[in-house]
Amino acid sequence: VQLQASGGGLVQAGDSVRLSCAASGRTSSNYGIGWFRQAPGKEREFVASISRNGVITSYSASVKGRFTISKDGAKNTVYLQMNSLKPEDTAVYYCAADARWTPYTVARGTNEYALWGQGTQVTVSS
């Protein structure tokens with residue numbers, strides 16, 4: 001399977017952006033999906049995760065209440081809706097997938113994901 005992330009861009013603080021992660025090759029229901037981000041000079045950090053069956057989600061404390069992860073099985077796509085964006089949300093955002101989880105598992109570590117897509121840049125100006 002290949003992952004294609006898209007939807008980034010330059011926005012102002014307080015704006016909303018929706019990122020997409022399209023999975024080709026196999027259905028997204030076979031994978032748990034996570035979003036991570038990496039700002040310049042910083043380590044890649046967990047943002048959000050959704051279980052294989054789309055029922056369970058998990059968020060980092062810094063985005064909880066502002067970001068929403070969701071899965072559209074018919075489109076094999078996972079979305080990250082980002083609201084009330086802040087300058088500190090500026091980063092390259094990556095989606096990742098793994099088929100080894102149980103259906104209700106979510107994962108927060110980069111080493112828990114076997115597949116990674118290319119990143120999409122999100123820049124939030126103040």
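- Every residue meeting the side-chain hydrogen bond (donor to acceptor under 3.5 Å, both in side chains) condition with Gln81, not counting sequence neighbours, appears here in chain and number order: Asn83.
- Residues satisfying the salt bridge (Lys or Arg N to Asp or Glu O under 4.0 Å) test with Arg18, not counting sequence neighbours, are none.
- Linking ILVMFWY residues whenever their side-chain heavy atoms come closer than 4.5 Å, directly or via other members, places Leu3 and Val47 in the same cluster.
- For residues 99-112, the pairs satisfying salt bridge (Lys or Arg N to Asp or Glu O under 4.0 Å) are Asp98-Arg100, with sequence neighbours left out.
- Take Arg66 and apply the salt bridge (Lys or Arg N to Asp or Glu O under 4.0 Å) test, not counting sequence neighbours, and it matches Asp89.
- For Gln4, the side-chain hydrogen bond (donor to acceptor under 3.5 Å, both in side chains) test picks out no residue, with sequence neighbours left out.
- Residues that satisfy the salt bridge (Lys or Arg N to Asp or Glu O under 4.0 Å) test with Glu45, not counting sequence neighbours, are Arg37.
- In this structure, the ring-ring contact (aromatic ring centres under 6.0 Å, His included) partners of Phe36, at least two apart in sequence or on a different chain, are Phe46, Tyr113, Trp116.
- Here the closest non-hydrogen pair linking Thr77 and Ser20 is CG2-CB, 4.1 Å.
- The side-chain hydrogen bond (donor to acceptor under 3.5 Å, both in side chains) check on Thr102 picks up Thr105, with sequence neighbours excluded.
- Annotation: side-chain hydrogen bond (donor to acceptor under 3.5 Å, both in side chains) contacts of Ser84 (sequence neighbours excluded): none.
- With sequence neighbours excluded, the residues forming a side chain to side chain contact (heavy atoms under 4.5 Å, CB included) with Ala48 are Tyr59, Ile69, Leu80, listed by chain and number.
- Looking at Gln121 and Thr90, their side chains come closer than 4.5 Å, going by heavy atoms from C-beta outward.
- The side chain to side chain contact (heavy atoms under 4.5 Å, CB included) check on Asp15 picks up Val11, Gln12, with sequence neighbours excluded.
- A ring pair (Phe, Tyr, Trp, His ring centres under 6.0 Å) check over residues 78-97, counting only residues at least two apart or in different chains, returns nothing.
- Here the CH2 atom belonging to Trp35 is positioned 5.0 Å from the SG atom belonging to Cys21, to the nearest 0.5 angstrom.
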